Amino acid sequence: MAKTPKSPLKAETRLITAGRDPQAQFGFVNPPVYHASTVLYPTAEDQVAHRSRYQYGRRGTPTTEALEAALRDIEGDNCAGVVLLPSGLAAISTALIAIAGAGDHILVTDSVYRPTRNFCEGLFKRMGVETTYYDPLIGAGIASLFKPNTRAVFVEAPGSQSFEMQDIPAIAKIAHDKGALVMMDNTWATPLYFKAFDKGVDISIQAGTKYIGGHSDIMFGCVSANAKAFPALKNAHGLMGQCVGPDDVFLALRGLRTMAVRLKQHNASGMTVARWLEARPEVLRVMHPGLESDPGHAIWKRDFTGASGLFSIVLKPMSEAAVYAFMNELTLFGMGFSWGGFESLVIVFDCAEYRTATKWAPGGPTLRFHIGLEDPDDLIADLDQGFKAMAAIR
Ligand SMILES: *Cc1c(COP(=O)(O)O)cnc(C)c1O
């Protein structure tokens with residue numbers, strides 16, 4: 001058995017110790033990767049009685065249990081269990097299916113990750129679930145949107161393009177009074193920077209593709225739930241046959257070991273670059289809740305313990321050609337979707353394409369940055385070159 005530490009451990013330490021027991025695996029530091037489907041029973045009696053620690057590869061192996069245990073450990077005491085999924089979007093859709101069905105209603109923030117909205121408008125609608133989108137800044141005002149059949153409120157803070165902060169404790173209090181669950185996409189902050197279960201969330205989802213993986217080389221998702229929500233989640237996850245390939249489970253577990261130090265650097269470098277951008281004459285506004293100027297800063301300071309490396313900016317009105325000249329000049333920022341890896345990224349986005357409960361009119365072209373693990377001085381020098389190319393076009 002693993003030795004038991006003498007005092008309660010901080011989350012950063014639990015990331016290192018969780019989900020492994022070297023003495024149970026010949027002293028090797030990391031758990032073995034079980035490639036497995038069939039589990040053999042020693043006798044006919046055992047087979048008939050399903051008497052075995054494991055039943056079948058899809059239902060769990062020592063490798064998947066190690067990752068689940070580690071993820072549960074960093075969520076804190078109010079997390080009852082975790083399920084693993086092959087992508088962040090599969091984690092979201094499975095969690096939603098676990099909670100609502102025909103004749104039910106859910107409330108979803110207008111700032112939600114777009115594929116979540118596509119699921120609600122597509123499959124969920126066909127299944128007979130009605131979705132109402134709400135203003136992410138609604139706070140306690142959400143009370144008026146509940147119906148007798150409202151099963152859940154879906155929150156995401158900050159929005160992963162538009163960065164509105166939500167008052168999750170206020171929303172959770174009302175949701176619970178009305179008998180509904182609170183589900184959260186916690187990909188941006190991770191359980192290290194937002195303790196979802198201490199703030200009233202019942203089901204917390206992460207696209208592990210982002211900071212858990214951390215190296216842009218896996219697709220992975222996970223859903224954590226408290227005791228109230230976990231049985232329904234576990235049931236839906238099993239019924240739908242969801243499981244993750246063992247090598248991706250291994251890479252997620254490996255990524256988790258260094259997540260705290262990586263996030264610390266994403267946080268610090270992200271703040272440095274955001275502050276530099278805020279002072280640029282070409283920039284109208286930086287949307288980063290860690291900045292004092294951000295409308296969501298007070299909530300972020302109250303509820304979060306850090307920021308990751310993802311934020312957006314609004315440029316002053318300018319031609320598309322000027323924006324593209326800026327982006328094309330950058331050498332350290334890749335142009336691509338997803339985020340959470342070691343590399344810096346930039347994309348153009350426009351929330352007006354899909355918003356329904358709120359109007360998106362930022363006042364200029366919008367770019368989203370992911371600040372990676374490069375030295376921020378180099379990133380700033382690269383951005384400076386980009387602004388020179390922008391000026392040449394304007
Ligand atoms: C990327 C992302 C997802 C989906 O994760 P995938 O692994 O790409 O399916 C969900 N939510 C947010 C906020 C994301 O950024």
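First listed ligand is number 1; within each ligand, the first listed atom is number 1. Owing to the predicted nature of the structure, the values given are computational and were not obtained by experimental measurement.
- In this structure, the separation between OH on Tyr113 and CD on Gln161 is 9.5 Å, given to the nearest 0.5 Å.
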### Query
Could you walk me through whether Tyr34 and Glu65 pass the side chain to side chain donor-acceptor pair (under 3.5 Å) check?
CA-CA 11 Å; Tyr34 281 90; Glu65 285 185 355; over 6 Å; no

Pair up each side-chain donor or acceptor in residues 326-338 with any protein partner under 3.5 Å, not counting sequence neighbours, and list the distances.
{"unit_1": "Asn328", "atom_1": "ND2", "unit_2": "Tyr324", "atom_2": "O", "d": "3.2"}
{"unit_1": "Thr331", "atom_1": "OG1", "unit_2": "Asp382", "atom_2": "OD1", "d": "2.9"}

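- Of the inter-residue distances, the one linking Thr150 atom OG1 with Leu145 atom CG reads 8.5 Å to the nearest 0.5 angstrom.
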Nitrogen or oxygen contacts under 3.5 Å, ligand 1 side and protein side:
{"unit_1": "ligand 1", "atom_1": "7 (O)", "unit_2": "Gly88", "atom_2": "N", "d": "2.8"}
{"unit_1": "ligand 1", "atom_1": "7 (O)", "unit_2": "Thr209", "atom_2": "OG1", "d": "2.5"}
{"unit_1": "ligand 1", "atom_1": "9 (O)", "unit_2": "Gly88", "atom_2": "N", "d": "3.1"}
{"unit_1": "ligand 1", "atom_1": "9 (O)", "unit_2": "Leu89", "atom_2": "N", "d": "2.8"}
{"unit_1": "ligand 1", "atom_1": "11 (N)", "unit_2": "Asp185", "atom_2": "OD2", "d": "2.6"}
{"unit_1": "ligand 1", "atom_1": "15 (O)", "unit_2": "Lys210", "atom_2": "NZ", "d": "2.6"}
{"unit_1": "ligand 1", "atom_1": "15 (O)", "unit_2": "Trp339", "atom_2": "NE1", "d": "3.0"}

### Task
Could you walk me through whether Asn149 and Asp104 pass the side chain to side chain donor-acceptor pair (under 3.5 Å) test, one step at a time?
CA-CA 5 Å; Asn149 58 342; Asp104 289 340; 5.7 Å; no

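- For the atom pair Arg368 CZ and Leu310 CG, the distance stands at 4.5 Å (nearest 0.5 Å).
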